[in-house]
Amino acid sequence: MTLQRVVDLADLDLRAFLEGEIRAGGLTASEGRELLMETLPGWAAPYENASATVAADLYDQKRYASGVDLVVPYAPALAPPAEPARWGILASWALAPVVDETDWSAAFQKIVGGAHRTIADAHRNTTMGNAVADRGARGWKRVGRGSKTCDFCKMLIHRGDVYDSISVQFKSHDHCRCAAETEFESIEALEFSELGGSARKRVQTDADRARVREWLRWERDANPDF
């Protein structure tokens, strides 16, 4: 749900910029393209960082609640932002068909959709990268957004695959609201592997773990589609 708030805010912010600076400013397609190529990377950076950060926080919380951290310590890392060239390609692609101001709405929809996808990818890539690097994780799987999930994404989700290779990419699309979710190893398997079957070292109390589990239950109850 936090990811959805980030991308929804980014969508509104970008639409306001496009309307106020390009349409209201009376820019030509060429001028609009130059403006976007110059400003989009800097505009997107805070949103990409926020998206990656909430993914790392959620990863840490779920790892904590599962108890995996008691056996295999791990600190999640943030995925790097998109290359500036990606934003230039988006601006050129979206504005290429623009001939006059009547074409702006379609172009803006493409730009917002591409930005939405890129910002959400920071969340997905953070989850996927950590799920592959973390010895306490089995890998990651694709999860949808209930009734908002498109048929293409539903098809991939229903396969139920869990991926453990960095070479597997998240098949996203513009305005995609799906996410990556980590599958963690069992405590028993990790204890045997990491500690030879001996008792695990306790670094958090049962009360701490119960608090995090309660938070996750509250999130599920408050957002049943999550």
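Counting from 1, the numbers follow the sequence of the chain as shown. As a basis for the values below, the full set of heavy atoms in this structure was taken, side chains included, without hydrogen atoms, waters or symmetry mates. Remember, it's a predicted structure, so these values are computed and weren't measured experimentally.
Criterion: ILVMFWY side-chain heavy atoms under 4.5 Å apart, direct or through other members. Under it, Ile22 and Trp93 are part of a common hydrophobic cluster.
When all heavy atoms of Ala137 and Tyr59 are compared, the pair lying nearest together is CB-OH, 3.8 Å. Taking every heavy atom of both residues into account, Ala56 and Pro76 meet most closely at O-CG, 3.7 Å. Taking every heavy atom of both residues into account, Ile119 and Ala10 meet most closely at CD1-CB, 3.6 Å. Closest of all the heavy-atom pairs between Gly144 and Ile157 is N-CD1, 3.3 Å. Leu27 approaches Trp104 most closely through the heavy-atom pair O-CZ2, 3.2 Å. Closest heavy-atom contact between Glu183 and Val162: CG-CG2, 3.9 Å.
Using the six-membered ring where Trp is involved, Trp43 and Trp87 have ring planes that are perpendicular, over 60° apart on the 30 and 60° scheme.
Taking 4.0 Å as the cut-off between side-chain N and carboxylate O, Asp121 and Arg124 count as a salt-bridged pair.
From Arg15, atom CZ reaches atom CZ of Phe108 across 10.0 Å, with rounding to the nearest 0.5 Å. Between the CG atom in Leu90 and the OG1 atom in Thr118 there is a gap of 6.5 Å [rounded to 0.5 Å]. Cys178 SG to Lys154 NZ: the interatomic distance, rounded to the nearest 0.5 Å, is 10.0 Å. Remark: Thr127 OG1 to Lys141 NZ distance equals 13.0 Å, nearest 0.5 Å. Annotation: the span from Gln109 atom CD to His175 atom NE2 amounts to 4.0 Å, rounded to 0.5 Å. Going from atom CG of Leu36 over to atom CD of Glu34 covers 10.5 Å, rounded to the nearest 0.5 Å.
A heavy-atom distance below 4.5 Å is found between the side chains of Arg63 and Val72. You'll find the side chain of Thr182 stays beyond 4.5 Å of the side chain of Lys62, heavy atoms only. The shortest distance between side-chain heavy atoms of Phe17 and Leu35 falls below 4.5 Å. A 4.5 Å side-chain heavy-atom check between Leu9 and Arg5 finds every atom pair outside the cut-off. Considering only heavy atoms from C-beta on, Val112 comes within 4.5 Å of Leu18 through its side chain. Looking at Arg177 and His116, their side chains come closer than 4.5 Å, going by heavy atoms from C-beta outward.
A donor-acceptor pair under 3.5 Å links the side-chain atoms of Thr126 to the main chain of Ala79, judged by distance alone. The closest donor-acceptor contact from the side chain of Ser92 to the backbone of Gly88 lies under 3.5 Å. At least one donor-acceptor pair under 3.5 Å links the side chain of Glu48 to the backbone N or O of Ala82.
The number of heavy atoms from other shown groups lying within 6.0 Å of CD (Glu38) does not exceed 12. Surrounding NZ of Lys110 are more than 12 heavy atoms belonging to other residues, nucleotides or ligands, all under 6.0 Å away.
The side chain to side chain donor-acceptor pair (under 3.5 Å) test with Tyr74 singles out one residue from Asp134, Asn130, Asp60, and that residue is Asn130.
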